[in-house]
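What follows is a single structure, written as structure tokens, with notes after it.
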Amino acid sequence: MVLPKIKKNSDGSRHRMKVSDFDDVSKEILGTAACIFRCLIVSQAPFPENIAVETQLAKAAWHEACQIKGINVKLTPSGVKMLLTRTSQVRGELKTKMRSLTASFFGFRSSNSNDVIRQNRDLAESLKDGSLFAFKDWKSKKGIYKTELLQLGINIMWFANRHDEGVIHHKYFNPMPVEVIALVLTTIECCIDEWLQGLKEDIKFTSATYGTVYHGHFCSLQRFDERTAPYKLLDKIRVNLHDVARCVEQCSFSK
């Protein structure tokens, strides 16, 4: 990999690295590695504990990209830096796609009416109570981790068409990783949080704010798996989430 020369802006500050700063061969590897890295992040460490974890995944993504392209190119610090920007990027992209989906799914409404504002606030509070939003029927508290919104989020983020990462790099999503499920649940909760005051506000989906929320969902999923181990319920949910997503993508492509 040719290390790009560090550029400076007119004010003397360091130029922010861009893909265009790399040579053609490195850009080709970088593009593939970035897609793989995004898959590795969401399926293994959506909210990495430290930069060492991220860097290890970046190296793994680069190595796999080189194998796919049949080229052995050394990964430089600037390449690692470019890949690491994808961590927050992929979380932000998921949040953006889930925002309107969550609002319409649960029935949040934008209005200055005091009645509507109160309804939004009450709805948000009730959905967050005991993570009711994770149930298929949140009103009767039935069907834990079977909410249709979970499937819709996975579909739109990773399986919307044959060019999406869940299709191209399907091995990372078959069966659906517990980490991905926990990430989507955390994203849904962030979208619900935006309605807690009754009027939609923009809440940043940052590691500092939602890292602990993610780990809470992840641990809850693990406890659910342990308590229902004889029935393998979580395994069935994971397989079903992947199979339905692939079916949706294939049906979309055949139209």
Side-chain angles (χ1 to χ4, degrees), residues 16-19 22 27 29-65 68 75 78-102 149-191 193-194 202-218 221 238 241-242 245-246 248-249:
R16 185 175 180 179
M17 296 297 301
K18 297 182 295 184
V19 174
F22 295 82
K27 278 193 284 188
I29 298 294
L30 184 60
T32 300
C35 290
I36 296 171
F37 178 73
R38 282 164 54 99
C39 294
L40 287 172
I41 279 292
V42 299
S43 64
Q44 295 187 28
F47 291 90
E49 294 182 4
N50 51 59
I51 196 171
V53 173
E54 281 185 279
T55 301
Q56 194 60 39
L57 293 179
K59 291 179 178 178
W62 187 268
H63 178 70
E64 184 175 340
I68 291 174
L75 176 61
S78 55
V80 172
K81 188 175 181 179
M82 282 292 297
L83 290 174
L84 297 193
T85 62
R86 268 55 178 187
T87 302
S88 59
Q89 181 193 70
V90 70
R91 291 198 305 257
E93 183 180 331
L94 177 61
K95 164 70 184 304
T96 298
K97 291 182 176 181
M98 290 298 300
R99 179 177 281 152
S100 59
L101 202 61
T102 300
L149 185 56
L150 180 59
Q151 184 73 69
L152 292 173
I154 289 171
N155 294 352
I156 197 172
M157 181 64 185
W158 293 287
F159 296 88
N161 59 68
R162 58 176 176 160
H163 303 294
D164 273 353
E165 291 159 355
V167 179
I168 297 175
H169 302 292
H170 57 85
K171 68 178 182 179
Y172 295 113
F173 300 90
N174 185 20
M176 198 60 58
V178 176
E179 289 84 354
V180 171
I181 298 174
L183 173 60
V184 177
L185 289 173
T186 306
T187 310
I188 293 172
E189 184 161 355
C190 179
C191 293
D193 285 343
E194 295 190 326
D202 183 22
I203 296 180
K204 301 299 181 183
F205 194 44
T206 63
S207 179
T209 305
Y210 286 93
T212 54
V213 177
Y214 163 79
H215 288 294
H217 285 300
F218 184 77
L221 283 159
R238 293 173 61 200
L241 285 170
H242 167 268
R246 285 307 304 267
V248 169
E249 172 268 323

Open item on the list: For T187 and Y210: C-alpha separation, side-chain torsions, deciding distance, then whether side chain to side chain contact (heavy atoms under 4.5 Å, CB included) applies.
Closed with: CA-CA 9 Å; T187 310; Y210 286 93; over 6 Å; no
TODO: Apply salt bridge (charged side-chain N to carboxylate O under 4.0 Å, His left out) to R238 and list each qualifying residue two or more places apart in sequence or on a separate chain.
DONE: D235
When you compare the side chain of [Y] with that of [X], does any pair of heavy atoms fall below 4.5 Å?
X: I29; Y: L75; answer: no
X: T186; Y: H215; answer: no
X: P177; Y: Y172; answer: no
X: E179; Y: V42; answer: no
X: S207; Y: R91; answer: yes
X: F37; Y: V90; answer: no
X: V213; Y: L185; answer: no
X: I156; Y: L101; answer: yes

Quick one: [atom1] on [X] to [atom2] on [Y], what's the gap to the nearest 0.5 Å?
X: K204; Y: T209; atom1: NZ; atom2: OG1; value: 11.0 Å
X: L57; Y: I41; atom1: CG; atom2: CD1; value: 5.0 Å
X: H242; Y: F159; atom1: NE2; atom2: CZ; value: 5.0 Å
X: K95; Y: C191; atom1: NZ; atom2: SG; value: 5.5 Å
X: T102; Y: E189; atom1: OG1; atom2: CD; value: 11.0 Å
X: L94; Y: R99; atom1: CG; atom2: CZ; value: 11.5 Å

- [ ] Using atom types as modelled and distance alone, determine if a side-chain donor or acceptor of N155 lies under 3.5 Å from a backbone N or O of W158.
- [x]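 A pair under 3.5 Å: no.
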Task: Check: G166 main-chain N/O paired with D164 side-chain donor or acceptor under 3.5 Å - done: no
Open item on the list: If the threshold is 4.0 Å, N to carboxylate O, is there a salt bridge linking K171 and E64?
Closed with: yes
Open item on the list: Does atom NZ (K97) have a neighbourhood of more than 12 heavy atoms from anything else shown, all under 6.0 Å?
Closed with: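 Counting neighbours around NZ of K97, more than 12 heavy atoms of other residues, nucleotides or ligands fall under 6.0 Å, so yes.
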Open item on the list: Tell me whether I68 at atom CD1 has more than 12 heavy atoms from other residues, nucleotides or ligands lying less than 6.0 Å away.
Closed with: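 Atom CD1 in I68 is crowded, with more than 12 foreign heavy atoms closer than 6.0 Å.
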Open item on the list: If you compare all heavy atoms of A58 against all heavy atoms of L84, which two are closest, and at what distance to 0.1 Å?
Closed with: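 So the two residues come closest at CB-CD2, 4.2 Å.
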Open item on the list: Quick check: closest heavy atoms across M98 and G153, and the distance to 0.1 Å?
Closed with: SD-CA, 3.3 Å
Open item on the list: Can you pull out every side-chain hydrogen bond (donor to acceptor under 3.5 Å, both in side chains) where at least one residue sits in residues 32-49? Sequence neighbours excluded, please.
Closed with: R38-Q89, R38-E93, R38-E165
Open item on the list: Determine whether the aromatic ring centres of residues F205 and F47 are separated by less than 6.0 angstrom.
Closed with: yes
Open item on the list: Filter on ring-ring contact (aromatic ring centres under 6.0 Å, His included), then keep only pairs touching residues 78-99, sequence neighbours left out; what's left?
Closed with: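 Found none.
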- [ ] Begin from the C-alpha positions of E54 and K59 and carry the test salt bridge (charged side-chain N to carboxylate O under 4.0 Å, His left out) through to its verdict.
- [x] CA-CA 9 Å; E54 281 185 279; K59 291 179 178 178; over 6 Å; no
Task: Candidate pair V184 and L149, rule side chain to side chain contact (heavy atoms under 4.5 Å, CB included), full reasoning - done: CA-CA 9 Å; V184 177; L149 185 56; over 6 Å; no
